[in-house]
Amino acid sequence: MTAAHVQGTLDDLGTPLSGVTFVVVDLETTGGSAADSAITEIGAVKVRGGEELGELGTLVDPGGPVPPFITALTGITTAMVTAAPRMDSVLPAFLEFARGSVLVAHNAPFDIGFLKAACAEHGYAWPRFTVVDTVDLARRVLSKDEVPNCKLGTLARFFRTATEPTHRALADARATVEVLHGLIERLGSFGVTSLEEMRGFAKAPTPEQRRKRHLADDVPSAPGVYLFEDAAGEALYVGKSGDLRSRVRSYFTGSETRRRVREMVGLAERIATIVCATGLEAEVRELRLIAEHKPRYNRRSKFPERALWLKLTAEPFPRLSIVREIRDDGARYLGPISSRRQAEEARAALHEAVPLRQCTQRITLRLVETGRLHACALAEMGHCGAPCDGSEALEDYTAHVTAAQAIMEGDARPVAASARARIDRLSRELRYEEAAAQRDRLAAFVRAAARGQRLTAFARLRQLVAARPAFDNGWELAVVRYGRLAAAGTVPPRADPWPYVHALTATAETVFPPVGGAPGGVPLGPAQGGGATAEEMECVLRWLDLPGVRLVEVDGEWTCPAHGAEGLRGWIDNAYAAHDPESSGRSRPLR
């Protein structure tokens, strides 16, 4: 009998899904990272052949407070977990419950990452479970027309599960079991009947990904930026990488499971690349290209022009206004600020420190003298001196404006002192929610002022040249003018760096000072000498903070105000812990 006629064994057929023991697990935690967060609840359901074999569910004492935002999401409070068993007793029970099974989780890297970290912390070897992720399966077997996303709640509604996900571990594990069974039924139409086939199917590239692999053939192995473009030349997606070839090729493999990205690959007809001298140049070029092209498949950095600013207007009776544009009009600006809510909070903190008018009506000396204006309700409540009807003299109001200008230019002490006094008074009166609101206003102001002061100081430097050691014992060079990366280059190993520095500065892009001396303008391109966005400057500042970076040349004064907002960050963090003890483990707004 020839080899072609040898009957296959059962091993060749793989492990039938009907005979696989699955343990579907879900965790609740104090945060999103296993490095600095802990497990608060474990839920697990063991099933085989569509039948439930057992359940395990318990709260877990994480050894610290449960952050308020976790309590709001899950309903798990610090009081609930205080009497719960610790992980050192729960973990052995879970490992025994799951022994010999296939672990299943929705977004498995999250849950498995926490379980592996717990094993490492408590001295248990990770059993190397076979793991199935229902997110990966759903992306492969369900179309976008059927479900808009692969969240557990969305899939539970699609499969009409009897158990509704509630952000509690056991309930979510039960819902995931029903989702798993629904997905396995769908797999049958693809001819998938074994565990091995299911795992390979979840990670296999789509036919569209296979068909488009040739687009990566000419991509170089170098740092730079890549653009996926459609047939009309429109940029679909912009990204960066230290190795363009390796990164671009990953889009055409089974490791790329994101639905939006797979959809983008299906539309792409060509890939354009820009080789960059350094990783910093690649990151900056990526930001600029995203802002320029606004690709539909990029989620971040698409609209730098949407940044907000707190403006002290230039008029006879100035007021604080929230604007999206900086003009060279003599006004004072504070920012950039990422959201309107944060801008309004920062403005409220400044209003409470300095009694500027809050009305939007136009006030001139002539209108005040003729008595045609009338005071509003804020004046009656004592929150405004009413310069509109002459109750407050121009000289007195000018003093308030001068104080506000000093605060916006670098002296944050008046705002901090005013907020601290109110926080302390409200805390003594046990009005903790109002005290927390005052604290949040101060935090919003500190964030906006610190960011603005840091970026403004950087944007005023006419030129900065810096060097960072490269992996090949050479140097990476960067020339920055008014906060904008004007040139980037490298110095070969053991070469004299100065000729390279001089050549790079001589050929660097010409950049003009930012409008009004403030950062954040939309890039206009080299021909117009456009300034840098706030995000680009923060990118360069992060690079400058890396170990080993050396300043070669600084043309201008690079300082921050002695009494600026940067010095208040520590106090704000302490205030969060003091007035809201359970928040000490959460991600605070200043970080």
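Everything numeric in this text was worked out from a predicted model, so none of it was measured.
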Counting C-beta onward and ignoring hydrogens, is there a side-chain heavy-atom pair between [X] and [Y] closer than 4.5 Å?
{"X": "Val552", "Y": "Trp498", "value": "yes"}
{"X": "Arg454", "Y": "Leu541", "value": "yes"}
{"X": "Glu229", "Y": "Glu269", "value": "no"}
{"X": "Val135", "Y": "Lys151", "value": "no"}
{"X": "Trp475", "Y": "Pro493", "value": "no"}
{"X": "Leu308", "Y": "Ser338", "value": "no"}
{"X": "Leu115", "Y": "Leu27", "value": "yes"}
{"X": "Glu538", "Y": "Leu455", "value": "yes"}

Practice prompt. Kindly state each residue pair satisfying side chain to side chain donor-acceptor pair (under 3.5 Å) with at least one member in residues 272-285, sequence neighbours excluded.
Written response: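 Only Glu281-Arg285, Glu283-Arg542 qualify under side chain to side chain donor-acceptor pair (under 3.5 Å).
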Worksheet item: If we ignore angles and hydrogens, is there a donor and acceptor under 3.5 Å between the side chains of Thr74 and His167?
Response: no
Return yes if some donor-acceptor pair links the side-chain N/O of [X] with the main-chain N/O of [Y] below 3.5 Å, else return no.
{"X": "Asp230", "Y": "Ala268", "value": "no"}
{"X": "Arg451", "Y": "Pro336", "value": "yes"}
{"X": "Asp111", "Y": "Asp26", "value": "no"}
{"X": "His293", "Y": "Leu227", "value": "no"}
{"X": "Thr40", "Y": "Val60", "value": "no"}

Contact summary for [X] and [Y], nearest pair of heavy atoms:
{"X": "Pro497", "Y": "Val491", "value": "CA-CG1, 3.9 Å"}
{"X": "Arg288", "Y": "Leu485", "value": "NH2-O, 2.9 Å"}
{"X": "Ser37", "Y": "Gly32", "value": "OG-N, 3.9 Å"}
{"X": "Leu310", "Y": "Arg347", "value": "CD1-CB, 3.6 Å"}
{"X": "Glu286", "Y": "Val225", "value": "N-CG2, 3.9 Å"}
{"X": "Thr30", "Y": "Ile70", "value": "O-CG1, 3.6 Å"}

Item to complete: Hey, could you give me each pair passing salt bridge (charged side-chain N to carboxylate O under 4.0 Å, His left out) that has a residue in residues 112-130? Not counting sequence neighbours.
Response: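 Of all non-adjacent pairs touching residues 112-130, none passes salt bridge (charged side-chain N to carboxylate O under 4.0 Å, His left out).
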Worksheet item: Going through the checks in order, is the side-chain contact (heavy atoms from CB on, under 4.5 Å) test met by Tyr226 and Leu289?
Response: CA-CA 10 Å; Tyr226 55 90; Leu289 288 169; over 6 Å; no
Worksheet item: Should the ring pair Phe228 and Phe252 be called parallel, tilted or perpendicular, given that the plane angle runs from 0 to 90° and is split at 30 and 60?
Response: tilted
Item to complete: Specify whether Phe114 and Phe110 have parallel, tilted or perpendicular ring planes, treating 30° as the upper limit for parallel and 60° as the lower limit for perpendicular.
Response: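 The arrangement is tilted - the two ring planes meet at 30° to 60°.
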Practice prompt. Using a strict 4.0 Å threshold on nitrogen-to-oxygen distance, state whether Arg413 and Asp411 make a salt bridge.
Written response: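 Yes, charged N to carboxylate O under 4.0 Å.
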Item to complete: State plainly whether the residues Glu509 and Arg481 are in salt-bridge range, i.e. N to O under 4.0 Å.
Response: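 Salt bridge flag = no for Arg481 with Glu509.
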Worksheet entry | side-chain contact (heavy atoms from CB on, under 4.5 Å) between Arg213 and Arg249, intermediate numbers included | CA-CA 7 Å; Arg213 281 177 178 172; Arg249 292 182 69 178; over 6 Å; no
Discussion item. Under the criterion side-chain contact (heavy atoms from CB on, under 4.5 Å), I'd like the reasoning laid out for Val25 against Phe94: C-alpha separation, chi angles, the key distance, then a yes or no.
Written reply: CA-CA 10 Å; Val25 62; Phe94 170 78; 3.8 Å; yes
Worksheet item: With sequence neighbours left out, what residues match Arg462 under salt bridge (Lys or Arg N to Asp or Glu O under 4.0 Å)?
Response: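 If we apply the salt bridge (Lys or Arg N to Asp or Glu O under 4.0 Å) test to Arg462, skipping adjacent residues, the hits are Asp555.
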Worksheet item: Glu409: what forms a salt bridge (Lys or Arg N to Asp or Glu O under 4.0 Å) with it, not counting sequence neighbours?
Response: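 Expected list: Arg332.
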Atom pair [atom1] ([X]) and [atom2] ([Y]), whose distance is rounded to the nearest 0.5 Å:
{"X": "Leu91", "Y": "Ile42", "atom1": "CG", "atom2": "CD1", "result": "7.0 Å"}
{"X": "Lys212", "Y": "Arg262", "atom1": "NZ", "atom2": "CZ", "result": "14.0 Å"}
{"X": "Ile423", "Y": "Leu442", "atom1": "CD1", "atom2": "CG", "result": "6.0 Å"}
{"X": "Cys150", "Y": "Asn107", "atom1": "SG", "atom2": "CG", "result": "11.0 Å"}
{"X": "Arg139", "Y": "Asp136", "atom1": "CZ", "atom2": "CG", "result": "6.5 Å"}

All N/O donor-acceptor pairs, side-chain side in residues 232-247, below 3.5 Å, sequence neighbours left out:
{"from": "Glu234", "atom 1": "OE1", "to": "Arg296", "atom 2": "NH2", "distance (Å)": "3.2"}
{"from": "Ser241", "atom 1": "OG", "to": "Asp243", "atom 2": "N", "distance (Å)": "3.0"}
{"from": "Ser241", "atom 1": "OG", "to": "Asp243", "atom 2": "O", "distance (Å)": "3.0"}
{"from": "Asp243", "atom 1": "OD1", "to": "Arg245", "atom 2": "N", "distance (Å)": "3.3"}
{"from": "Asp243", "atom 1": "OD1", "to": "Ser246", "atom 2": "N", "distance (Å)": "3.3"}
{"from": "Arg245", "atom 1": "NH1", "to": "Ala216", "atom 2": "O", "distance (Å)": "3.4"}
{"from": "Arg245", "atom 1": "NH1", "to": "Asp217", "atom 2": "O", "distance (Å)": "2.9"}
{"from": "Arg245", "atom 1": "NH1", "to": "Val219", "atom 2": "O", "distance (Å)": "3.3"}
{"from": "Arg247", "atom 1": "NH1", "to": "Ser250", "atom 2": "OG", "distance (Å)": "2.5"}
{"from": "Arg247", "atom 1": "NH2", "to": "Tyr251", "atom 2": "OH", "distance (Å)": "3.2"}

Worksheet item: Would Glu263 and Tyr297 count as a side chain to side chain donor-acceptor pair (under 3.5 Å) if you check the C-alpha gap in whole Å, the side-chain angles of each, and the deciding distance to 0.1 Å?
Response: CA-CA 9 Å; Glu263 179 182 292; Tyr297 289 96; 2.6 Å; yes
Worksheet entry | Residue pairs involving residues 534-559 (criterion ring pair (Phe, Tyr, Trp, His ring centres under 6.0 Å); sequence neighbours excluded) |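 Every ring pair (Phe, Tyr, Trp, His ring centres under 6.0 Å) pair that includes a residue of residues 534-559, provided the two are not neighbours, is Phe458-Trp558.
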Practice prompt. Inspect the surroundings of CZ in Arg550 and state if more than 12 heavy atoms from other residues, nucleotides or ligands are less than 6.0 Å away.
Written response: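 No - once you tally the heavy atoms of other residues, nucleotides and ligands closer than 6.0 Å, there are 12 at most.
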Discussion item. Walk me through whether Leu504 and Val465 qualify under side-chain contact (heavy atoms from CB on, under 4.5 Å).
Written reply: CA-CA 10 Å; Leu504 198 64; Val465 182; over 6 Å; no
